[in-house]
Amino acid sequence: YCYKSPVKPPCGKKRDAILPHRETRHHRRGQPLHFMTDSPGSLLPQPFTSLIGRDREIEEICALLRSTSGSLLTLVGPAGVGKTRLAIAVAHAIAPEFAHGVVFVDLAPLTDASQVLPTIARTLGSTDSEHAPIQLASYLSERSVLLVIDSFEQVVDAGPALNACLAGARVLITSQK
């Protein structure tokens with residue numbers, strides 16, 4: 001794979017318009033949470049090249065993500081078959097349908113499943129990894145957002161904790177397992 005990962009704002013918009021300031025909220029115990037932004041915009045890698053010959057797959061995956069029968073879809077296959085590239089193409093295609101954006105989370109550097117939720121929370125703008133499960137559940141339940149989670153095979157033990165935080169959000173995962 002060869003892609004660059006800087007976030008590019010949509011044409012004509014400044015980064016500040018996409019990533020507004022962080023807000024502080026309190027959860028039930030009264031502890032302040034430095035919470036994620038209201039609207040992350042679309043935080044997606046920009047591929048160097050176009051994807052050729054995968055239009056049918058992109059349409060099918062978009063249709064599955066639109067369906068009400070489930071909120072999580074996993075692209076599974078051996079290393080190097082193009083799971084990440086396909087997931088990014090799907091995310092770009094379906095991004096306009098998510099009012100609060102599409103967010104790409106790269107889990108490749110992780111080997112500890114306990115770091116998955118804090119990593120996702122940081123990607124969404126959180127500064128408080130201690131309360132990541134609470135933050136994610138709250139954030140995802142209040143917004144129309146698609147999470148694209150890459151390289152989940154290394155941290156599959158985080159599946160139940162991630163599922164508990166989904167709260168109806170749409171999630172596209174790539175994994176070798």
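Side chains are part of it too, since the values below use all heavy atoms of this structure and drop only hydrogens, waters and symmetry mates.
Side chains of Val105 and Asp150 form no contact here, defined as non-hydrogen atoms less than 4.5 Å apart. Leu147 places a side-chain heavy atom less than 4.5 Å from the side chain of Leu140. Using a 4.5 Å heavy-atom cutoff, the side chains of Ile149 and Leu162 are in contact. Contact of the Leu124 side chain with the Leu136 side chain is registered, since non-hydrogen atoms from C-beta on lie closer than 4.5 Å. Pro78 places none of its side-chain heavy atoms less than 4.5 Å from the side chain of Gln176.
In this structure, CD1 on Ile58 lies 8.5 Å from CZ on Arg54, to the nearest 0.5 angstrom. Atoms CD and CD, from Glu130 and Gln135 in turn, are 10.0 Å apart once rounded to the nearest 0.5 Å. Taken to the nearest 0.5 Å, the OG1 atom of Thr123 stands 8.5 Å off from the CG atom of Asp106. How far NZ of Lys83 is from OG of Ser151: 8.0 Å, rounded to the nearest 0.5 Å. Between the CD atom of Glu153 and the CD1 atom of Ile173 there is a distance of 11.0 Å, given to the nearest 0.5 Å. For the atom pair Leu44 CG and Phe104 CZ, the distance stands at 8.0 Å (nearest 0.5 Å).
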### Pair Ile88-Leu51, side-chain contact (heavy atoms from CB on, under 4.5 Å): steps then yes or no
CA-CA 10 Å; Ile88 292 169; Leu51 186 62; over 6 Å; no
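Of all heavy-atom pairs spanning Ser175 and Phe152, the tightest one is OG-C, 4.0 Å. The two atoms that bring Leu64 and Ser67 nearest to each other are O-OG, 2.8 Å, heavy atoms only. Residue Ser126 comes nearest to Asp128 through the heavy atom pair OG-N, 3.1 Å, listed as atom of the first residue, atom of the second, then distance. Nearest heavy-atom pair across Ala169 and Ser71 is O-CB, 2.9 Å. Across all their heavy atoms, Leu146 and Val171 have their closest contact at CD1-N, 4.0 Å. Smallest separation of non-hydrogen atoms from Ala161 and Leu117: CB-CD1, 3.9 Å.
Between Thr111 and Gln154, the side chains place no donor N or O within less than 3.5 Å of an acceptor N or O (distance only, hydrogens not considered). In this structure, a donor-acceptor pair under 3.5 Å is present between the side chains of Asp112 and Ser114.
Residues Val76 and Leu65 fall into different hydrophobic clusters, defined by Ile, Leu, Val, Met, Phe, Trp and Tyr side chains chained together at heavy-atom separations under 4.5 Å.
The closest donor-acceptor contact from the side chain of His100 to the backbone of Ser144 lies under 3.5 Å. Using a distance-only test at 3.5 Å, with no hydrogens or angles considered, a donor-acceptor pair links the side chain of Thr119 to the main chain of Gln115.
Within the structure, the side-chain hydrogen bond (donor to acceptor under 3.5 Å, both in side chains) test picks out the following pairs touching residues 88-97 (sequence neighbours left out): Arg66-Glu97.
In this structure, Ala164 has no side-chain contact (heavy atoms from CB on, under 4.5 Å) partners at least two apart in sequence or on a different chain. Ala87 meets the side-chain contact (heavy atoms from CB on, under 4.5 Å) test with Leu75, Val148, Leu172, Thr174; sequence neighbours excluded.
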